[in-house]
Asks: 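Below is the structure I would like to discuss, written out as structure tokens.
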2 protein chains.
Amino acid sequence: MGASKSAEFTEEQNEISHLFKALGHPARIAIIQHLMNLKSCICNDLVGILPLSQATISQHLRELKDAGIIKGTIEGTSVCYCLNHESLVKLTDILEGFKEINTTNEAKCC
Amino acid sequence: MGASKSAEFTEEQNEISHLFKALGHPARIAIIQHLMNLKSCICNDLVGILPLSQATISQHLRELKDAGIIKGTIEGTSVCYCLNHESLVKLTDILEGFKEINTTNEAKCC
DNA sequence: TATCTTTATCGCAATATTACGATTAATTAG
DNA sequence: CTAATTAATCGTAATATTGCGATAAAGATA
């Protein structure tokens, strides 16, 4: 065998990993960086900027959207995608939690 | 085709996504949480706690180590793994960057 | 030395991800 | 209405990840 025992982990563990997983591809980091650099956030100027086809970019956008990292609204012919501030706060909070506890334990550690 | 155009992205984009990717699996989140809850950090009590075989857990530990999320030192028969505070700081910094720029742009956004 | 314990690695199977061309759906422009 | 534009989805191929049993490597213990 060899597949996805995600049902055996807690819902929290699955949720957290889902968020991080969405950021686990260079194309998706590139998309986020592009979204940051734009004054506005109308996309698919991405086609032409990223070394990927329209279909592939659309797929990456969907993954970011499914994870809640970006929000998208249809706007005439094109779509407006922007970063979802809330999910970024959530991620930071998770990491702060990791860091905090680790700091207090560090002395006892290798 | 269908494989990894990572060479076409910047080194920074690949590095960042590599870090996040390491956190993109529920088992690896569970490992981190366990490392947090322990007073010390000697592992492979993990076998028995996670619903995975020893071989699989070892693989997940290696991925976390390769990404720099945990540090490991050989200690007699067993291995001492603990969180690498530095990489957690790095991740937080990246996210802070994402958040900051987004906040200032939010008004112009959908 | 022989054996036990602990962790890493190999080889393989199942599944998931990545990527693309082609097609579809929906809106805009003429 | 027709053509053009934009973005999503389908189908498929290539590759990567996940997971395990078996085995190997290395130190601990009898």
Side-chain angles (χ1 to χ4, degrees), chain A residues 1-9 13-14 17-31 34-35 40-67 70-82 110, chain B residues 1-9 13-14 17-31 34-35 40-67 70-82 110:
Chain A
M1 301 150 230
S4 177
K5 289 203 157 185
S6 58
E8 314 240 15
F9 294 96
Q13 287 160 347
N14 278 297
S17 63
H18 186 223
L19 270 173
F20 283 121
K21 194 176 191 177
L23 299 176
H25 192 287
R28 295 196 286 271
I29 296 297
I31 289 173
H34 183 70
L35 243 46
S40 101
C41 56
I42 309 292
C43 297
N44 277 41
D45 28 350
L46 285 172
V47 183
I49 289 175
L50 299 186
L52 298 171
S53 74
Q54 185 268 321
T56 304
I57 292 171
S58 186
Q59 248 179 262
H60 282 302
L61 286 169
R62 188 152 62 101
E63 269 178 85
L64 285 169
K65 201 180 168 189
D66 285 349
I70 61 176
K71 298 181 280 190
T73 344
I74 294 167
E75 198 155 279
T77 316
S78 63
V79 170
C80 174
Y81 277 120
C82 49
C110 45
Chain B
M1 300 151 230
S4 175
K5 290 203 157 184
S6 57
E8 315 239 17
F9 295 95
Q13 288 161 347
N14 278 297
S17 63
H18 186 223
L19 270 174
F20 283 120
K21 194 176 190 177
L23 299 177
H25 192 286
R28 295 196 287 272
I29 297 297
I31 289 172
H34 183 70
L35 243 48
S40 101
C41 56
I42 310 291
C43 296
N44 275 41
D45 28 351
L46 284 173
V47 183
I49 289 175
L50 300 186
L52 298 170
S53 73
Q54 185 270 320
T56 305
I57 291 171
S58 186
Q59 247 179 266
H60 282 302
L61 285 169
R62 187 153 62 103
E63 268 178 85
L64 285 170
K65 200 180 169 189
D66 285 350
I70 60 176
K71 298 181 280 191
T73 345
I74 294 168
E75 197 156 281
T77 315
S78 63
V79 172
C80 173
Y81 278 119
C82 49
C110 46

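A, B, ... follow the sequence lines: proteins, then strands. Residue 1 opens every chain. Every value quoted in this text rests on a predicted model; they were computed, and no experiment measured them.
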Asks: If I compare all heavy atoms of F9(A) with all of Q13(A), which pair ends up nearest, and what's the gap?
Replies: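 Minimum heavy-atom separation between F9(A) and Q13(A): CB-OE1, 3.4 Å.
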
Asks: Of all the heavy-atom pairs spanning S17(A) and I29(B), show the shortest one and how long it is.
Replies: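 Where S17(A) meets I29(B) most closely, the heavy atoms are CB-CG1, 3.8 Å.
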
Asks: Output the single nucleotide from dG21(D), dA22(C), dT18(D) whose closest atom is nearest the side chain of A55(A).
Replies: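 Taking heavy atoms from C-beta onward, the closest nucleotide is dA22(C).
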
Asks: Quick check for you: among dC20(D), dA8(D), dT9(C), whose closest atom lies nearest to any side-chain atom of S58(B)?
Replies: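 Minimum distance to the S58(B) side chain belongs to dT9(C).
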
Asks: Respond yes when some side-chain nitrogen or oxygen of R28(A) is under 4.0 Å from OP1 or OP2 of dT18(C), and no when none is.
Replies: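 R28(A) to dT18(C) OP1/OP2: side-chain N or O found under 4.0 Å.
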
Asks: Choose from dC20(C), dT18(D), dC20(D) the nucleotide whose nearest atom is closest to any side-chain atom of H25(B).
Replies: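 When the side chain of H25(B) is considered, dT18(D) is the closest of dC20(C), dT18(D), dC20(D).
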
Asks: Where the side chain of K5(A) is concerned, which of dC20(D), dT18(D), dG21(C) is the nearest nucleotide?
Replies: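 It is dC20(D).
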
Asks: Ignoring backbone atoms, test whether H60(A) places a side-chain nitrogen or oxygen under 4.0 Å from the OP1 or OP2 oxygen of dA19(C).
Replies: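 The answer is yes; a side-chain N or O of H60(A) sits under 4.0 Å from OP1 or OP2.
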
Asks: Of the nucleotides dG19(D), dC20(C), dA8(D), which has the atom closest to the Q54(A) side chain?
Replies: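 For Q54(A), the side-chain atoms sit closest to dA8(D).
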
Asks: In whole angstrom, what separates L64(B)'s CG from dT17(D)'s P?
Replies: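 Atom-to-atom, L64(B) to dT17(D), this comes out as 14 Å.
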
Asks: Does the side chain of Y81(B) get closer than 4.0 angstrom to OP1 or OP2 of dA8(C) through an N or O atom?
Replies: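 Answer yes for this pair, as a side-chain N or O of Y81(B) is under 4.0 Å from OP1 or OP2.
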
Asks: Report the distance from atom CD1 of I57(B) to atom P of dC20(D), rounded to the nearest whole Å.
Replies: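 Rounding to the nearest Å, CD1 of I57(B) and P of dC20(D) are 9 Å apart.
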
Asks: Can you measure L46(A) atom CG to dA7(D) atom C1' for me and round it to whole angstrom units?
Replies: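 So the two atoms are 12 Å apart, to the nearest Å.
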
Asks: Any base atoms under 4.0 Å from Q59(A), or only sugar-phosphate, or nothing? Heavy atoms, all strands.
Replies: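 If one applies the 4.0 Å heavy-atom cut-off, Q59(A) turns out to touch a base.
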
Asks: On DNA chain D, does the nearest nucleotide to T56(A) precede the nearest nucleotide to K21(A) from the 5' side, or the other way round? Give the residue.
Replies: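 This one resolves to T56(A).
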
Asks: For H18(A), which residues count as a ring pair (Phe, Tyr, Trp, His ring centres under 6.0 Å) partner, sequence neighbours excluded?
Replies: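 Result, ring pair (Phe, Tyr, Trp, His ring centres under 6.0 Å) vs H18(A): none returned.
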
Asks: From K21(A) NZ over to F20(B) CZ, what is the distance, rounded to the nearest 0.5 angstrom?
Replies: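 K21(A) NZ to F20(B) CZ: 15.5 Å, rounded to 0.5 Å.
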
Asks: Just N and O in the side chain of R62(A): are any of them under 4.0 Å from OP1 or OP2 of dT9(D)?
Replies: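 R62(A) to dT9(D) OP1/OP2: side-chain N or O found under 4.0 Å.
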
